[in-house]
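Numbers for residues simply follow the sequence, beginning at 1.
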Amino acid sequence: MIAAVALLVATGCGGRPTAQVSGTVKYKDGSPIVAPAKVVRLVPAPDTTAEIRKAASGYIQDDGTFEMYTQKPGDGVIKGQYVVVFSVLENPMGGESLLKEEYGDPDLSPYTIDVDSDQNDLVYEVEKK
């Protein structure tokens with residue numbers, strides 16, 4: 001009984017193994033991303049080994065940094081393979097994307113990531129429309 005409780009505590013509720021993922025996003029010209037709505041998302045890849053196929057999100061801060069979470073800030077990303085997509089919008093309620101189309105489409109994105117451990121130094125460069 002004690003061993004079972006210790007195992008649940010070590011792996012977290014539900015036994016979902018996660019990793020902490022963070023980094024920086026900037027435009028290819030080196031300038032910061034200035035927009036009222038800026039989010040990076042990890043969308044499960046079609047061939048992911050993730051135990052649970054759940055996307056992760058992270059708000060892009062004014063300095064370009066982001067920290068990914070699955071359900072609430074700090075809970076990390078379920079280990080597996082993901083496509084990285086970005087939403088940078090002219091209006092917080094939607095509106096036109098400020099990025100080239102491929103950065104917002106999981107089928108076109110040039111970025112993928114294999115989350116198998118903590119990764120805190122990711123750097124992504126995106127292009128304006």
Side-chain angles (χ1 to χ4, degrees):
M1 177 71 169
I2 293 174
V5 171
L7 181 61
L8 280 175
V9 170
T11 60
C13 285
R16 289 187 271 169
T18 61
Q20 298 299 311
V21 177
S22 62
T24 305
V25 181
K26 60 185 175 183
Y27 285 121
K28 284 198 176 196
D29 66 8
S31 64
I33 297 174
V34 179
K38 315 175 273 195
V39 177
V40 57
R41 290 184 308 122
L42 301 182
V43 178
D47 58 348
T48 188
T49 58
E51 292 178 18
I52 298 172
R53 296 181 54 87
K54 183 144 178 74
S57 301
Y59 296 105
I60 302 170
Q61 304 299 317
D62 289 341
D63 65 356
T65 60
F66 65 88
E67 191 172 316
M68 303 303 296
Y69 64 92
T70 302
Q71 293 182 338
K72 61 182 180 176
D75 69 357
V77 176
I78 298 169
K79 293 179 181 179
Q81 293 75 32
Y82 295 87
V83 178
V84 184
V85 294
F86 306 87
S87 295
V88 177
L89 305 175
E90 65 181 358
N91 182 325
M93 302 306 280
E96 187 173 332
S97 174
L98 301 177
L99 302 179
K100 288 189 173 183
E101 179 183 3
E102 61 262 25
Y103 296 107
D105 185 335
D107 293 329
L108 302 176
S109 177
Y111 295 118
T112 60
I113 184 172
D114 186 1
V115 177
D116 57 4
S117 62
D118 291 350
Q119 298 182 42
N120 301 318
D121 57 356
L122 299 173
V123 177
Y124 294 107
E125 294 182 340
V126 294
E127 292 180 79
K128 301 174 188 177
K129 271 190 173 175

query = With Pro106, which residues qualify under side chain to side chain contact (heavy atoms under 4.5 Å, CB included), at least two apart?
reply = Val43, Val83, Val85
task = May I ask you to test the Thr112-Tyr82 pair for a side-chain heavy-atom distance under 4.5 Å?
result = no
task = For Asp62, enumerate each residue passing the salt bridge (charged side-chain N to carboxylate O under 4.0 Å, His left out) test, keeping only those at least two apart in sequence or located in another chain.
result = Lys38
ask   = Of all residues at least two apart in sequence or in a different chain, which pass the side chain to side chain donor-acceptor pair (under 3.5 Å) check with Asp63?
value = Thr65
ask   = How many angstroms lie between atom OG1 of Thr48 and atom CG of Leu42, to the nearest 0.5 angstrom?
value = 10.5 Å
Side chains of residues 25-33: which donor-acceptor pairs under 3.5 Å do they make with residues two or more places apart or in other chains?
{"from": "Asp29", "atom 1": "OD1", "to": "Ser31", "atom 2": "N", "distance (Å)": "2.9"}
{"from": "Asp29", "atom 1": "OD1", "to": "Ser31", "atom 2": "OG", "distance (Å)": "2.6"}

key: Partner residues of Asn91 under the side chain to side chain donor-acceptor pair (under 3.5 Å) criterion, sequence neighbours left out   = none
key: Residue pairs fulfilling salt bridge (charged side-chain N to carboxylate O under 4.0 Å, His left out) with at least one residue in residues 113-122, sequence neighbours excluded   = none
task = Would you confirm whether Arg41, through its side chain, and Gly104, through its main-chain N or O, come within 3.5 Å as a donor-acceptor pair?
result = no
task = Write out all pairs satisfying salt bridge (charged side-chain N to carboxylate O under 4.0 Å, His left out) with one or both partners inside residues 74-100, taking only residues at least two apart or from two chains.
result = Glu96-Lys129, Lys100-Glu127
ask   = Roughly how far, to the nearest 0.5 Å, is CG of Leu108 from CD of Glu101?
value = 5.5 Å
inquiry  = Using only atom types and a distance under 3.5 Å, with no angle test, would you say the side chain of Thr70 pairs donor to acceptor with the backbone of Ala56?
reply    = no
remark   = When rounded to the nearest 0.5 Å, the distance separating OG1 of Thr18 from NZ of Lys54 is 13.5 Å
note = Smallest heavy-atom separation, Pro92 atom then Ala37 atom, equals CA-CB, 3.8 Å
ask   = Roughly how far, to the nearest 0.5 Å, is the OG atom of Ser57 from the CE atom of Met68?
value = 5.5 Å
query = Mind checking what makes side chain to side chain donor-acceptor pair (under 3.5 Å) contact with Thr24, not counting sequence neighbours?
reply = none
inquiry  = Between Gln119 and Ile113, is there a side-chain heavy-atom distance shorter than 4.5 Å?
reply    = yes
remark   = The remaining residues in the hydrophobic cluster of Leu89, counting side-chain heavy-atom contacts under 4.5 Å among Ile, Leu, Val, Met, Phe, Trp and Tyr, are none
task = Under the side chain to side chain contact (heavy atoms under 4.5 Å, CB included) rule, what do Val126 and Val88 come out as? Steps first, then yes or no, please.
result = CA-CA 10 Å; Val126 294; Val88 177; 5.8 Å; no
ask   = Glu102: what forms a salt bridge (charged side-chain N to carboxylate O under 4.0 Å, His left out) with it, not counting sequence neighbours?
value = none
query = Which hydrophobic side chains are connected to Val39, either touching it within the sub-4.5 Å cutoff or through other members that do?
reply = Tyr59, Tyr69
query = Do Leu99 and Lys128 have side-chain heavy atoms sitting under 4.5 Å apart?
reply = no
ask   = Considering all heavy atoms of both residues, which atom of Thr49 and which atom of Gly80 are nearest to each other, and what is their separation?
value = OG1-CA, 4.0 Å
message = Applying ring-ring contact (aromatic ring centres under 6.0 Å, His included) as the test, list every pair that has at least one member in residues 95-129; sequence neighbours left out.
response = Phe86-Tyr124, Tyr111-Tyr124
